[in-house]
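One structure is given here, and the rest of the page talks about it.
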Amino acid sequence: MPHYVNHLVDGHPAYGCHYDEQTGDFVMSGGSRLSPEGIYTDPYGTRTYGARRLRVRKSDLGLISAIPKRDAYDTRPNPPLVPTDAGWPTPPEGFGWPNLDNPSWDD
């Protein structure tokens, strides 16, 4: 029987990602983690970017600065550290994920 790929699920940037229920970390499909504070840890436990706060770009799961560059006319609140749109996992409660009520930015 042939295997049919559901691109609405398999092709989504967050496919294979989840939240660790013990630590609250966002776990990417390769094993990298983003903590509720925005600290990235690679699959080997190394903090590649040190204490720099990062967030996940919703278009491709890329990592970018937690606080986006903007001009004085941009009054939008900071974007969530992990997108909350359809297809993205929901974080467990009690770990302090910031900005979860803010709209996801298109970046």
Side-chain angles (χ1 to χ4, degrees):
M1 177 149 208
H3 171 68
Y4 294 99
V5 176
N6 181 346
H7 291 286
L8 294 176
V9 175
D10 293 348
H12 192 280
Y15 179 74
C17 298
H18 66 279
Y19 283 91
D20 184 318
E21 296 288 329
Q22 300 296 316
T23 64
D25 291 351
F26 177 72
V27 182
M28 296 171 226
S29 58
S32 300
R33 294 173 170 263
L34 188 69
S35 73
E37 297 79 30
I39 305 300
Y40 172 79
T41 307
D42 72 16
Y44 306 104
T46 303
R47 290 186 173 181
T48 309
Y49 300 101
R52 184 173 166 211
R53 291 191 66 214
L54 302 169
R55 64 185 168 97
V56 174
R57 184 173 43 222
K58 76 176 183 175
S59 61
D60 62 359
L61 205 66
L63 294 173
I64 54 178
S65 177
I67 300 175
K69 294 179 182 177
R70 53 184 148 187
D71 60 30
Y73 297 106
D74 190 347
T75 59
R76 293 181 291 177
N78 285 334
L81 295 179
V82 176
T84 57
D85 298 357
W88 290 89
T90 303
E93 291 187 28
F95 289 98
W97 277 96
N99 307 330
L100 292 178
D101 295 329
N102 296 344
S104 292
W105 288 33
D106 289 327
D107 56 2

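Since this is a predicted model, take the numbers as computed values, not measurements.
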- Message: Please check this pair: side chain of R53 against backbone of E37, looking for a donor-acceptor N/O pair closer than 3.5 Å.
- Response: yes
Calculate, to the nearest 0.5 Å, the distance between atoms [atom1] and [atom2] belonging to [X] and [Y] respectively.
X	Y	atom1	atom2	answer
Y19	F95	OH	CZ	11.5 Å
E21	E93	CD	CD	10.5 Å
I39	R33	CD1	CZ	14.5 Å
D85	K58	CG	NZ	4.0 Å

- Provide the closest heavy-atom pair for P43 versus S32 in the form atom of the first, atom of the second, distance.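 P43 and S32 have their closest heavy atoms at CD-OG, 3.3 Å.
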Pairwise side-chain contact, [X] with [Y], heavy-atom cut-off 4.5 Å (strictly under):
X	Y	result
P36	L81	no
P13	R57	no
L63	R52	no
F26	P89	yes
C17	W88	no

- Message: Using the rule side-chain contact (heavy atoms from CB on, under 4.5 Å), only one of T23, D25, T41 pairs with S35; which is it?
- Response: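 The option that passes is D25.
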- Would you check if there is a donor-acceptor pair between the side chains of Y40 and T48 at a distance under 3.5 Å?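 There is no such pair between these side chains.
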